Amino acid sequence: MAQKIEPRIFKGARDFLPPQMVRRNYVINIIKTVFEKYGFEPLETPTIELWETLSGKYGEEGDRLTYRFTDRGDREVGLRYDLTVPLSRVVAMYPQIPKPFKRYQIQPVWRADKPQKGRFREFYQCDVDIVGSASMLADAEIIAIIYEILQILRFEEFTIRINSRKVLSGMVEVSGAGMEKEFDIYRAIDKLDKIGFEGVAEELQKLAIPESAVGKLLDILKIEGTPAQRLDTAAGLLAGSAAGQQGVAELITLFQYLSRYEIPGSCFAFDICLARGLDYYTGPIYETVVEKPRIGSITGGGRYDNLIGLFSGQSQPATGSSVGLERIITVMEELEMFPPQLNTSTGVLVTVFNEDLLPYSIQIAGKLRQAGINTDLYTGASKLRGQFGLANDKNIPLVAVAGPDEQAQGSVNVKNMASGEQQTVPLDALVEYIRSILSGD
RNA sequence: GUGGGUGUAGCUCAGUUGGUUAGAGCACCAGGUUGUGGCCCUGGGGGGCGCGGGUUCAAAUCCCGUCACUCACCCCA
């Protein structure tokens, strides 16, 4: 035998074994169902994009973290960094797509990052976006979807933080710090939660911003009161900036719309410190944070009215959010939010008593499968003991035994693995019996 | 890219001031139970201590190097 190859996996990438996949699919199905309930339609795009498509969209950091290589034809290509840029490319390539275009997309993305807790190099994102609507209603739809998904998944404590890039740029404009340092300033502001006002002040000073500008920025950041009051105050402080004023006006409209959806006010908040890292945002930005496991944001997004224009030459308003599947799963695992018994997709294992009785077992499995019951027919070589062991290891809730006695009377013996109870049921009643156990419990 | 931590059976880890054939739990295999698992009992297989070098009569235990993994920063889902 040749020397064994040490089985290893690429750092930051993962295998999802069946018990994990069942849970992942559970979450994905809920997300997908809500997306479709709100009238969004599916889209998929290639893993690999031309480098020119990906580069320069996310900012310096984003470029650095994008997997990049040359293919055999010496073409510069990369693995997609997110799902928003590919969407923008698609919208520009297919102008005939009816607008507003509401699409959702659930696919993996890649980042050449150092893996950490809740952080991978290959991971799934679930994006929902609306292209072709400049209305705050589009942003409200996105936020409503996020709320509903988290609700159905039974998240109890989370906050959807909302801000606007226009408000932020208005702040920079009014402060006199200089627009060329805009993004650096955002990054500093974004750290407020972690490093506090003093920390932010230090960060800003490092950027060689005039003392007076630092003071003005901090004054704005320190606005207090209810969301409405803070927006009001912000409007006053940003009076000198057209962008800032427009940003505030948009947020006021957005919050008005949100109040029309049935979202409790405690679940979302105007947060002037929210900045978000990507360069392409132009309007409202939002992200969801949970406190319980300190894992950062579980969703993130915003409006990007100029991105599509980079591909089509004609700008197109767009807004949307990414729902972070991996982090949602991490939180749900840690808080034990998954329904119990969510370990297998199989409902029943049909055993094979011996070679002679195999036809009978096949017949039984066929009957169950025809009825739409997920049925495993044992294909191994073990005796009944081993077959029960397998059902146990795989968490299959029911085992059907069809031995000589059962065959003689045209029945099947069904064992409930959780309770240990067994019952012999006639073949005609089998489907109904198993269905009732699997659904009811 | 920067800093810290760890590397002993498939997994989680223990291994006293360096000293005889390196341990436990879980997992795995077999039997107790040739129509039934999960519990229990009995027995068994499996590593030579990430790798390379050094010190020593003697190293998993000390030193140097190297690799890998991991946590944090940065940034982000």
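All chains are named by letter (A, B, ...) in the order of the sequence lines, taking the proteins before the strands, and each is independently numbered beginning at 1. Worth saying up front: this structure is predicted, and the values here are computed from it rather than measured.
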Considering only NZ, NE, NH1 and NH2 on the basic side and carboxylate oxygens on the acidic side, decide whether A:Arg103 and A:Asp129 come within less than 4.0 Å.
yes
So what does A:Glu287 touch, heavy atoms closer than 4.0 Å: a base, only the sugar-phosphate, or nothing?
nothing
What contact category does A:Asp82 fall into here, base, sugar-phosphate, or nothing, at under 4.0 angstrom with non-hydrogen atoms?
nothing
Take the protein atom CZ of A:Arg64 and the nucleotide atom P of B:U2, then report the distance between them rounded to whole Å.
10 Å
Mind checking whether A:Arg303 and A:Glu250 have side chains closer than 4.5 Å, heavy atoms only?
no
Do A:Lys57 and A:Leu307 make a side-chain contact, defined as non-hydrogen atoms from C-beta onward lying under 4.5 Å apart?
yes
Counting side-chain heavy atoms from C-beta on, which of B:A77, B:G35, B:U2 comes nearest to A:Val401?
B:G35
Take the protein atom CZ of A:Phe155 and the nucleotide atom P of B:A77, then report the distance between them rounded to whole Å.
16 Å
Say you pick atom C1' in B:C69 and the same atom in B:C51; how far apart are they, in whole Å?
14 Å
Whole-Å gap separating C1' (B:G1) and CD (A:Glu60)
12 Å
Look at the side-chain N and O atoms of A:Lys11 and state whether any lies under 4.0 Å from the OP1 or OP2 oxygen of B:C69.
yes
Euclidean distance for C1', B:G7 against B:U66 (whole angstrom)
13 Å
Give a yes or no on whether a donor-acceptor pair under 3.5 Å exists between the nucleobase atoms of B:C76, that is its base, and the side chain of A:Arg187.
no
Decide yes or no for A:Ile48 and A:Phe69: does some side-chain heavy atom of the first lie under 4.5 Å from some side-chain heavy atom of the second?
yes
Which of residues 353-361 of chain A have a heavy atom under 4.0 Å from RNA chain B?
A:Phe353
Syn/anti state for B:G48 [syn: chi within 90° of 0]
syn
Considering every strand and a 4.0 Å limit on heavy-atom distances, what is the contact class for A:Glu122: base, sugar-phosphate, or nothing?
nothing
Taking only the C1' atom of each, what is the distance from B:C39 to B:G23 in whole angstrom?
26 Å
Side chain to side chain donor-acceptor pair (under 3.5 Å) assessment of A:Tyr257 paired with A:Glu141
CA-CA 9 Å; A:Tyr257 285 143; A:Glu141 283 272 290; over 6 Å; no
Looking at A:Gln116 and B:U70, is any side-chain donor or acceptor paired with a base atom of the opposite kind under 3.5 Å?
no
Might you work through the ring pair (Phe, Tyr, Trp, His ring centres under 6.0 Å) test for A:Tyr81 and A:Tyr58, ending with a clear yes or no?
CA-CA 9 Å; A:Tyr81 178 89; A:Tyr58 309 107; 4.3 Å; yes
Who are the side chain to side chain donor-acceptor pair (under 3.5 Å) partners of A:Gln20, not counting sequence neighbours?
none
Under 4.0 Å, heavy atoms only, any strand: does A:Tyr124 hit a base, just the sugar-phosphate, or nothing?
nothing
Show your working on side chain to side chain donor-acceptor pair (under 3.5 Å) between A:Thr47 and A:Tyr67 and close with a plain yes or no.
CA-CA 11 Å; A:Thr47 294; A:Tyr67 275 103; over 6 Å; no
Which residue pairs satisfy the salt bridge (charged side-chain N to carboxylate O under 4.0 Å, His left out) criterion with at least one member in residues 147-163 of chain A, sequence neighbours excluded?
A:Lys37-A:Glu148, A:Arg161-A:Asp193, A:Arg161-A:Asp271, A:Arg161-A:Glu287
Counting only side-chain nitrogens and oxygens, does A:Arg276 get under 4.0 Å of the OP1 or OP2 atom of B:A77?
yes
Measure from CD1 on A:Ile28 to C1' on B:A77 and round the result to the nearest Å.
14 Å
Separation of A:Leu17 atom CG from B:G10 atom P, in whole Å?
18 Å
Qualifying residue for ring pair (Phe, Tyr, Trp, His ring centres under 6.0 Å) with A:Phe268, from A:Phe158, A:Tyr286, A:Tyr261, A:Phe255:
A:Phe255
For atom C1', what is the distance between B:U70 and B:A59, given to the nearest Å?
26 Å
All stems with RNA chain B, defined as three or more consecutive Watson-Crick or G-U pairs under 3.5 Å:
B:1-7 with B:67-73, B:10-13 with B:23-26, B:28-32 with B:40-44, B:50-54 with B:62-66
Ion pair check, A:Glu61 and A:Arg64, cut-off under 4.0 Å
yes
How many angstroms lie between CD1 in A:Ile143 and OG1 in A:Thr288, if you round to the nearest 0.5 Å?
8.5 Å
In whole angstrom, give the distance that lies between atom OH of A:Tyr281 and atom P of B:C76.
9 Å
Is any side-chain N or O of A:Gln387 under 3.5 Å from a base N or O of B:G35, one able to act as donor and the other as acceptor?
no
A:Arg80 CZ - B:A77 P separation (whole Å)
15 Å
B:G35 to B:A14 separation - P atoms, rounded to the nearest Å:
46 Å
At 4.0 Å (heavy atoms only), tell me whether A:Lys191 reaches a base, stays on the sugar-phosphate, or touches nothing.
sugar-phosphate
How would you label the contact of A:Arg111 with the nucleic acid (heavy atoms, under 4.0 Å): base, sugar-phosphate, or nothing?
base
If the P atom of B:A60 is compared with that of B:G50, how far apart are they to the nearest Å?
10 Å
Can you find a donor-acceptor pair, distance only, under 3.5 Å between A:Lys383 side chain and B:U33 base?
no
Can you tell me which residue pairs pass the salt bridge (charged side-chain N to carboxylate O under 4.0 Å, His left out) test with a partner in residues 399-421 of chain A, sequence neighbours excluded?
none
Considering only atom P, compute the distance from B:G65 to B:U6 and round it to an integer number of Å.
16 Å
Go through it in stages, so that I can follow the logic: the residues are A:Asn374 and A:Ser345, the test is side chain to side chain donor-acceptor pair (under 3.5 Å), and I'd like the CA-CA distance, side-chain angles, deciding distance and then a yes or no.
CA-CA 7 Å; A:Asn374 296 350; A:Ser345 50; 5.1 Å; no
In this structure, how many angstroms lie between the P atom of B:A68 and the CZ atom of A:Phe10, rounded?
13 Å
Where each residue is assigned the nucleotide of RNA chain B containing its nearest heavy atom, which of A:Asn413 and A:Gly300 is assigned the position nearer the 5′ end?
A:Asn413
How far, in whole Å, is B:U20 from B:U2 if one measures between their C1' atoms?
47 Å
For nucleotides 37-40 of chain B, list the nitrogen or oxygen atoms of the protein found under 3.5 Å from its nitrogen or oxygen atoms, one pair per line.
residue: B:G37; atom: OP1; partner: A:Arg385; partner atom: NH1; Å: 3.3
residue: B:G37; atom: N7; partner: A:Lys415; partner atom: NZ; Å: 3.0
residue: B:G37; atom: N1; partner: A:Met417; partner atom: O; Å: 2.6
residue: B:G37; atom: N2; partner: A:Asn392; partner atom: OD1; Å: 2.9
residue: B:G37; atom: N2; partner: A:Met417; partner atom: O; Å: 2.9
residue: B:G37; atom: N3; partner: A:Asn392; partner atom: OD1; Å: 3.3
residue: B:G38; atom: O4'; partner: A:Asn392; partner atom: OD1; Å: 3.3
residue: B:G38; atom: O4'; partner: A:Asn392; partner atom: ND2; Å: 3.0

